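Small disclaimer: the values here were computed from a predicted structure and weren't measured. Lettering follows sequence order; numbering is per chain, from 1.
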Amino acid sequence: MTRRTPLVSAAAMAGLGIVLLAHVGAEPRLLASSPSSAGGGSGNASSRGGSSSSGSSVSGTASGALEQYGYGELAVKLTVQKGRIVSATVTGLRTADTYSQQIAAQVIPMLRKEVLAAQSAKISGISGATYTCSAYATSVQSALDKLHLK
Amino acid sequence: MTFEPATRPARSSGRRAPEARPAPPPRPRLLDAALVVVGLGFGATVGSTIIVETSSQLQAPGGVAMFLGNLTGMAGTYLALVMVLLVSRIPHIERILGQDGLLRWHRRLSPWPISLIVAHAILLTYAYAEASHSGLLAQLASFVSSYSGMLIAIIGLGFMVLAAVLSIYSVRRRLRRETWWAIHLGMYLALALAFSHELALGPSFVGHPVTQALWSIAWAATAGVVLAYRFGLPAYRTLRYRLKVVEVRRETEDVVSLILEGRNLDRLAVSGGQFFEWRFLTSKLWWQAHPYSLSARPKPPYLRLTVKAVGDHSSALAALAPGTKVAIEGPYGAFTTHARRRQKAAIICGGIGITAARALLEDLPKKSDPAVAWRVSTEEHAALAGEVEELVRRRRGTLHVVAGNREDVSLHRVARLVPDLRQRDVFVCGPESFVESMRQVLVGEGVPAEAVHYEVYAL
Ligand SMILES: Cc1cc2nc3c(=O)[nH]c(=O)nc-3n(C[C@H](O)[C@H](O)[C@H](O)COP(=O)(O)OP(=O)(O)OC[C@H]3O[C@@H](n4cnc5c(N)ncnc54)[C@H](O)[C@@H]3O)c2cc1C
């Protein structure tokens, strides 16, 4: 026991060191400076949206694409029962900084409500969070496409 | 010396019965290697949460809580994985530490993962609530509704906290062992339920396919190890040896020996002093596995265990019908002659602890001059006394049997029955209170800790 505690500690420090060293010099994981590089505004998403055809019998779950939006990236998973979107949850959320994280945390519940109400990716953006909204909408749309729902 | 069933006397043909093989020796280097791997993994896990962090993230309000929440979650879950590995009974490690050693490590580690994971839940709820300018409860609701895998993760946390609270010694003591065990299994469920939210939301994983893959592989491998060694190997051994009861022999008023017959027992590697978890397949007993030591080295096709009636299970064994099938898990235990460091050995046992001592004695070489000190409540309770006497005599050793209860016979007196105690390896076995007190006595008598080897008859 007495000999083993230093052994484990040393190994843990080595593990930590290896990971940190491997990371040194690697470029920042997200480029917070160029939001415009992230595909499109909210209008884009709305134009792609559409009401799900009533009476559709599609049921299932699909994860939308992981959408980059400059301040971060997110993906949305949809569950559809008999053509109705019954749940929309975020499966991947990563932001460049805490401010973006705060915005995301704030708007994600609102966006979910909008999607459930609209039953489509056609959601009106939330001011101050245009990019987050558009990424959310785009990911929702890609999930709908996977489910062959319009 | 034999214990063959009375109904089937030893074969009179000149052919010698095949011998059982001793357990493979432990290799302590493997434990060191395993610890290095575990340590590296822990460092890397912590590192993975640090490298995804940026300074602007930390400086913003709620940022520190968010970072600490991720860090505690990752570190706690990693330690939970180590906890699972510790009870998976990987044979190479079990051989070094013994099952009791593994459980001791498991217990010692247990406060860390549980408190880290609870801290993770609290910190992140707080951090997200700060970030979204909402209250804690509103934030919990939005976790459940808007984030993938969070509902089941929260349910998992509930199971985990329940199982942890019931494992606190003062609470656990009041529960039936079986009740506690069933609830404790909820830990596996809790860890499985938490998995999805880790990959979906963990900053170390989102957008990092490599860390995702490594984490998944680590957990899949752990699950594989548990399945292989807790289920696969016992099932394999049970089917391979096909043990069944052939005789129940009364030794004393409250002790019986069970003689079991099986196939392929010459292939079973087990040393004196080891034990199995036995499951007697009758309608009342099949669901409980209890540990009992072999009370003699196997004599293929026979095995023997000797049991003192202390509760439901141990009392029910006297009534087992010949032919009852037996499932096994094991052999386990590091209480074997492999543990010896010195020329001579002393064995000090209390009451029914003689079972492991008796089998261990058989593994000591001829003329090895073992010293055996055995405390029993009365002479009549000295089960297997005749056999022990014979084994000690053949090894030119000495046997002291002291009768009397705890108040009458001080453990110091028992220990001092062996004059050259400090020059010997000392093997101690018996009930928990006996072993614990005796270990202290031995320290007082100047026996170095590494020369003391023990098996406690309670887990
Ligand atoms: C490594 C080891 C070797 C043992 N070898 C022998 C032996 O050779 N002969 C013998 O008579 N007894 C032996 N025991 C003790 C035996 O396992 C218990 O007496 C038996 O399990 C009691 O079960 P019960 O239902 O009759 O009694 P209970 O009333 O349920 O329990 C009595 C006590 O036994 C312990 N116990 C109960 N169930 C278990 C279990 N599943 N696992 C571990 N401990 C338990 C508890 O600590 C409890 O205090 C050994 C124990 C261990 C750990």
Side-chain angles (χ1 to χ4, degrees), chain A residues 1-24 26 28-30 32 61 63 66 68 72-77 79 87-113 115-116 136, chain B residues 31-32 35-52 54-64 66-67 101 105 108 127-134 138-139 141-151 196-197 199-203 205-208 211 449:
Chain A
M1 193 86 243
T2 40
R3 184 175 50 88
R4 286 173 182 144
T5 315
L7 184 69
V8 179
S9 316
M13 295 315 288
L16 181 61
I18 291 168
V19 169
L20 295 186
L21 280 180
H23 181 68
V24 161
R29 60 201 170 83
L30 289 168
T61 297
S63 289
L66 188 64
Q68 311 266 339
E73 55 193 20
L74 62 73
V76 183
K77 188 170 84 182
T79 303
S87 98
T89 60
V90 169
T91 59
L93 174 63
R94 204 155 68 98
T95 56
D97 57 83
T98 307
Y99 180 63
S100 307
Q101 177 85 31
Q102 290 179 336
I103 292 179
Q106 219 168 0
V107 301
I108 281 168
M110 303 183 198
L111 293 171
R112 169 182 162 270
K113 278 200 195 113
V115 166
L116 292 185
Y136 194 94
Chain B
L31 180 58
D32 293 342
L35 287 175
V36 167
V37 172
V38 163
L40 282 171
F42 185 74
T45 303
V46 169
S48 80
T49 67
I50 295 176
I51 59 174
V52 296
T54 62
S55 57
S56 65
Q57 237 168 318
L58 275 179
Q59 279 154 12
V64 173
M66 194 114 29
F67 169 63
W105 284 31
R108 211 174 283 166
Y128 272 77
E130 283 281 284
S132 60
H133 305 293
S134 60
Q139 185 53 48
S142 103
F143 272 151
V144 170
S145 64
S146 311
Y147 293 89
S148 177
M150 281 300 294
L151 177 62
S196 138
H197 94 289
L199 287 194
L201 301 169
F205 301 120
V206 177
H208 294 280
T211 13

If I measure from the heavy atoms of chain B, does A/Ala88 come under 4.5 Å with its side chain, its backbone, both, or neither?
backbone
Under 4.5 Å from a heavy atom of chain B, the part of A/Thr91 involved
both
Between A/Leu66 and A/Gly92 the two heavy atoms that sit nearest each other are CD1-O, 4.3 Å
Tell me the closest heavy-atom pair linking A/Val90 and B/Leu201, and the distance in Å.
O-CD2, 3.7 Å
Sort B/Ile50 into side chain, backbone, both or neither according to what part of it lies under 4.5 angstrom from a heavy atom of chain A.
side chain
Are any of the side-chain heavy atoms of A/Ile108 and A/Leu93 separated by less than 4.5 Å?
yes
Pick whichever of [options] has the most heavy-atom pairs under 4.5 Å with chain A.
options                               : value
B/Leu31, B/Val37, B/Val38             : B/Leu31
B/Gly47, B/Ser145, B/Ser134, B/Ser142 : B/Ser145
B/Ala44, B/Gly43, B/Gly41             : B/Gly43

Under the rule for ring pair (Phe, Tyr, Trp, His ring centres under 6.0 Å), what residues qualify as partners of B/Phe42, not counting sequence neighbours?
B/Tyr78
With rounding to the nearest 0.5 angstrom, report the OG1 to CG distance, B/Thr45 to B/Leu40.
10.5 Å
Would you say A/Arg4's side chain and B/Leu35's backbone share a donor-acceptor pair under 3.5 angstrom?
no
When only pairs under 4.5 Å are counted, which of A/Leu111, A/Val76, A/Val107, A/Val19 shares the most heavy-atom pairs with chain B?
A/Val19
